[in-house]
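Keep in mind that this is a model prediction, so the values were computed, not measured. We number each residue from 1, following the sequence as shown.
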Amino acid sequence: MADVARQLGDAPLAGMLLFCSHRFDRDALARAVNRHSEHVVAIGCTSSGELTEAGYDEDSLSVIGFPADAFHLTSHIFDDIDAFDPVAAREAIRSLAAIADRDSRRLGEAVNHVALFLVDGLSHREELLTMTIQDALGDIPLIGGSSGDGLAFRETAIFEGGRFHKRAAVIAILSTPRPIHVFKAQHYRPGAAKMVVTGAIPQDRIVTEINAEPAAQEYLRLAGHAGEALGLAFYAAHPPMVRAGGDYHVRSIQSANPDGSLTFYCAIDEGIVLTVGEPIDRIAGMETMFADIGAHVGQVDRIIAFDCVLNRIDAEQRQIGRAVSELYGRHRVIGFNTYGEQYHALHVNQTFSGLAIGR
């Protein structure tokens, strides 16, 4: 952390955003962060891989510092999301937004606000929290990611208030006169194969039947080719997609279970019609996306990115991981690999989403 502090420099900070490997000693890391962030709002989470200046990274610590002369950051922790109360949460978020508006006036007359959201990626609570918080934020856009723990799926953690929390979420409002832009991109288009969820356990995000057949067996039949087997690389390459609000969104699979069912990263229910996604040219698509970001903010200072871990797995499978890393490094991307992404009121999967900040 001392090395990170040296890289951040001596300029006073309004806040810090950190993403760390789940293998770190969290108590030791928290103590180190606290030594270098006195009177600074610091939030973050564990990850399934980090995005650094070198692109894809792992077993590392990624930190973004917000200089106090151009930014204001204020945060609120929901430290028991199993007991999340939407009414109380709306009140807390509206109060947070009022504080952000009041305390950021020192930055000038025209200040932009964005909400950064980090949530336990194993909680199965992302949909409720995201919708509730975006509703309370009003016109302030929300962008964020679900914390990870490599691919262990055992325990993730959220950092706020000087320590790591389990079963938690944090919302922070970042305010700045600089141009900002939130975005969402995915690397798949809907294919021809259709699947109807005919059996599900929604509270556990489990699908038991597709087209009245065992879910895993039918998904493999529709998406696969001879000799292919289910696993993370397969799910990443053949993501189920659902049409909602006029667009197609990925509903990523986390695992196939011994009873033939499938566990998803996102909310799922009976009656939903899914289609198997097909890959597009990721590099060309992202070059277009980065050009669009530049059109919104001008010269980019940083892009804070929430990139699904399945995107990383698929890039490695397709042997384009190095090209993607180079692209991220060239466009000043920093962030982490997630178990899901939040964009406005949506909890989504297998996207590259984030916040672009202009110079």
For the pair [X] and [Y], find out whether any cationic side-chain nitrogen is under 4.0 Å from an anionic carboxylate oxygen.
X	Y	result
R31	D27	no
E127	R205	yes
D101	R105	yes
R167	D82	yes
D301	R178	yes
R282	E287	no

Is there a side-chain contact between [X] and [Y] in this structure, where contact means two heavy atoms from C-beta onward sitting under 4.5 Å apart?
X	Y	result
F306	L355	no
K184	V348	yes
Y188	Q350	yes
S60	F19	no
S48	Y339	yes
T46	F336	no

Any side-chain to backbone donor/acceptor pair from [X] onto [Y]? Under 3.5 Å, distance only.
X	Y	answer
S147	G121	yes
D57	E50	no
Q186	S353	no
E160	I171	no
D281	A284	yes

Please say whether more than 12 non-hydrogen atoms of neighbouring residues, nucleotides or ligands are located less than 6.0 Å from [atom1] in [X].
X	atom1	answer
Q319	CD	no
R322	CZ	no
K194	NZ	yes

Identify the two heavy atoms, one from F71 and one from I357, that lie closest to each other, and give their separation to 0.1 Å.
CZ-CG2, 4.0 Å
Can you list the residues that meet the side chain to side chain contact (heavy atoms under 4.5 Å, CB included) rule with [X], with sequence neighbours excluded?
X	result
E278	R189
V40	L13, M16, S37
A172	I43, L73, S75

Out of E341, E126, R125, which residue meets the side-chain hydrogen bond (donor to acceptor under 3.5 Å, both in side chains) rule with S146?
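That would be E126.
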Do the ring planes of H76 and F78 sit parallel (below 30°), tilted (30 to 60°) or perpendicular (above 60°)?
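Answer is perpendicular, since the angle exceeds 60°.
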Ring geometry between Y328 and F290 (parallel below 30°, tilted from 30 to 60°, perpendicular above 60°)
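Aromatic pair F290/Y328 classed perpendicular.
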Full working for salt bridge (Lys or Arg N to Asp or Glu O under 4.0 Å) between D59 and R23:
CA-CA 7 Å; D59 294 336; R23 294 189 177 92; 2.6 Å; yes
I need the F234 CZ to I313 CD1 distance, nearest 0.5 Å.
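Reported value, rounded in 0.5 Å steps: 14.0 Å.
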Determine the sole option in T208, L262, V207, N211 for which the side chain to side chain contact (heavy atoms under 4.5 Å, CB included) test with V197 is passed.
V207
Do S175 and H113 get their side chains close enough for a donor-acceptor pair, meaning under 3.5 Å?
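Their side chains do contain a donor-acceptor pair, which is all the 3.5 Å distance test asks for.
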